[in-house]
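Step one of this worksheet: look at the structure below.
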There are 2 protein chains.
Amino acid sequence: MQSALELFTERGFEQTTALEVAQRAGVTERTFFRYFSDKREVLFEGSGELLSGVVGAITGAPVNMAPIDIVTAAMQEAAERMEPNRPYSIQRAAVVAANASLHERELLKLDALSAAAAHALHGRGVPELAATMAAESGVSVFKVGFDTWVGAGPEVTFAQCIHACLDELKGLTAAAQ
Amino acid sequence: MQSALELFTERGFEQTTALEVAQRAGVTERTFFRYFSDKREVLFEGSGELLSGVVGAITGAPVNMAPIDIVTAAMQEAAERMEPNRPYSIQRAAVVAANASLHERELLKLDALSAAAAHALHGRGVPELAATMAAESGVSVFKVGFDTWVGAGPEVTFAQCIHACLDELKGLTAAAQ
DNA sequence: TGGGTCATGTCAGCGCCCGACATCGCACCC
DNA sequence: GGGTGCGATGTCGGGCGCTGACATGACCCA
């Protein structure tokens, strides 16, 4: 993973072969593909923990909490876990932003996050459509908040960015019609 | 495009080679790749018109309209254009749902739609963050509405599905905190 | 000492995708 | 009517992503 991030940063994702990543890590190309299902996946190792963390937060949220608040609280929690890794997040985000297929993979991970959040909400008794829309909104807030966070100075926290996006969303929907 | 949809439906996306699609269409594999940047793209030809239609609707929306209403109205307009092609949409959606990499590409197209909508809103004077969040929400409504539409009976229109999702979103954000 | 398991290496091969060049039909125009 | 250019297509070769099958070797355990 470290070898990949270095090489992708130095000369770009497409200009780096899987063989080169493997060689820098001291293994063969075949071994690389035993650990990562494809060349892009090496940049998305942490997504599993992110997902299970969010699902856990939703499952363990207090009763009588509104669905949208459950999801955004879970996102806040995830954001706090990511706060110490800001430099890594910035470097990784730059690599992802520079390549369409990596961006594509990131969207797939976010969509999986949304689906898992919706499923967890539904498991708490939230109706299907409400759960889906709340999860979609929460992930949107997380996504836009993440972009703002990595683009801002170090004094701005991820949690603050998420809070700002959520407020913006509330204002927009309140002004509807 | 027709050859691809047929073959992907019959035996699946991964079990079909680009060469086979090309041969059924009466051209060489090389010619296939001159028209489509990759094997998946053959299922996403219409996305360009969808995007320009949405951007046009946003740009031409009446002044003093709330951002979220502008976006959802644009989505409604797109939905009405897609209504006559319901059978095609259903077949295509089944193929996409059956393959992760096609789903991935669909998410990329929706993200491009969101980015274009945000840009169009921003061009109307809507502040950056508001434009981004409104576009994200509008695309979420479109996406969830689409899934409900293709899963429902023919008496339910795409526009109705979108309306229902939007209402759900409003209810959720209104119940926040 | 022998056997079992797990990680890794080796090798061959398929399919995606591309660059470079050849071919061919077709409009245009002197 | 015969060049002439151009756009679409075919041909060829090849790099790279990714996989199945088998071999090797380290380690643990009886």
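For the numbers below, each heavy atom of this structure counts, side chains included, while hydrogens, waters and symmetry mates do not.
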Whole angstroms only, please: what is the [atom1]-[atom2] distance between [X] and [N]?
X       : N      : atom1 : atom2 : result
B/Phe33 : C/dG15 : CZ    : P     : 12 Å
A/Glu29 : C/dT10 : CD    : P     : 12 Å
B/Leu19 : C/dC16 : CG    : P     : 8 Å
B/Gln23 : D/dG10 : CD    : P     : 11 Å
A/Gln15 : D/dG17 : CD    : P     : 11 Å
B/Phe32 : D/dA8  : CZ    : P     : 18 Å
B/Lys39 : C/dC17 : NZ    : P     : 8 Å
B/Phe36 : D/dA8  : CZ    : P     : 14 Å

Legend entry - N-O pairing of A/Lys143 and A/Asp111 below 4.0 Å: no
Inset, instruction - Inspect the contact between B/Glu106 and B/Arg40 and indicate whether a charged nitrogen and a carboxylate oxygen are less than 4.0 angstrom apart. - result: no
Legend entry - Which nucleotide in C/dG9, D/dC18, C/dC16 has an atom nearest any side-chain atom of A/Thr28: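 So the side chain of A/Thr28 is nearest to C/dG9.
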Inset, instruction - Examine C/dG9: is either OP1 or OP2 under 4.0 Å from a nitrogen or oxygen in the side chain of A/Thr31? Give yes or no. - result: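 Yes, such a contact exists.
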Legend entry - Under-4.0 Å side-chain N/O to phosphate OP1/OP2 contact, B/Tyr35 with D/dA8: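 Answer is no, no contact under 4.0 Å.
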Inset, instruction - Look at atom CD of A/Glu10 and say whether more than 12 heavy atoms of other residues, nucleotides or ligands are closer to it than 6.0 Å. - result: yes
Inset, instruction - Answer yes or no: are there more than 12 heavy-atom neighbours, outside B/Gln15 itself, under 6.0 Å from its atom CD? - result: yes
Legend entry - Between A/Asp69 and B/Gln177: side-chain donor-acceptor atoms closer than 3.5 Å: no
Legend entry - Distance-only donor-acceptor test, A/Arg30 side-chain atoms vs D/dG20 base atoms, 3.5 Å: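 Answer is yes: a donor-acceptor pair is held.
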Inset, instruction - Establish whether the base of D/dG7 is bridged to the side chain of B/Arg34 by a donor-acceptor pair shorter than 3.5 Å. - result: no
Inset, instruction - Please work out if B/Thr16 contacts a base, only the sugar-phosphate, or nothing of the nucleic acid, heavy-atom cut-off 4.0 Å. - result: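 The answer is sugar-phosphate, as B/Thr16 gets under 4.0 Å only of primed atoms, P, OP1 or OP2.
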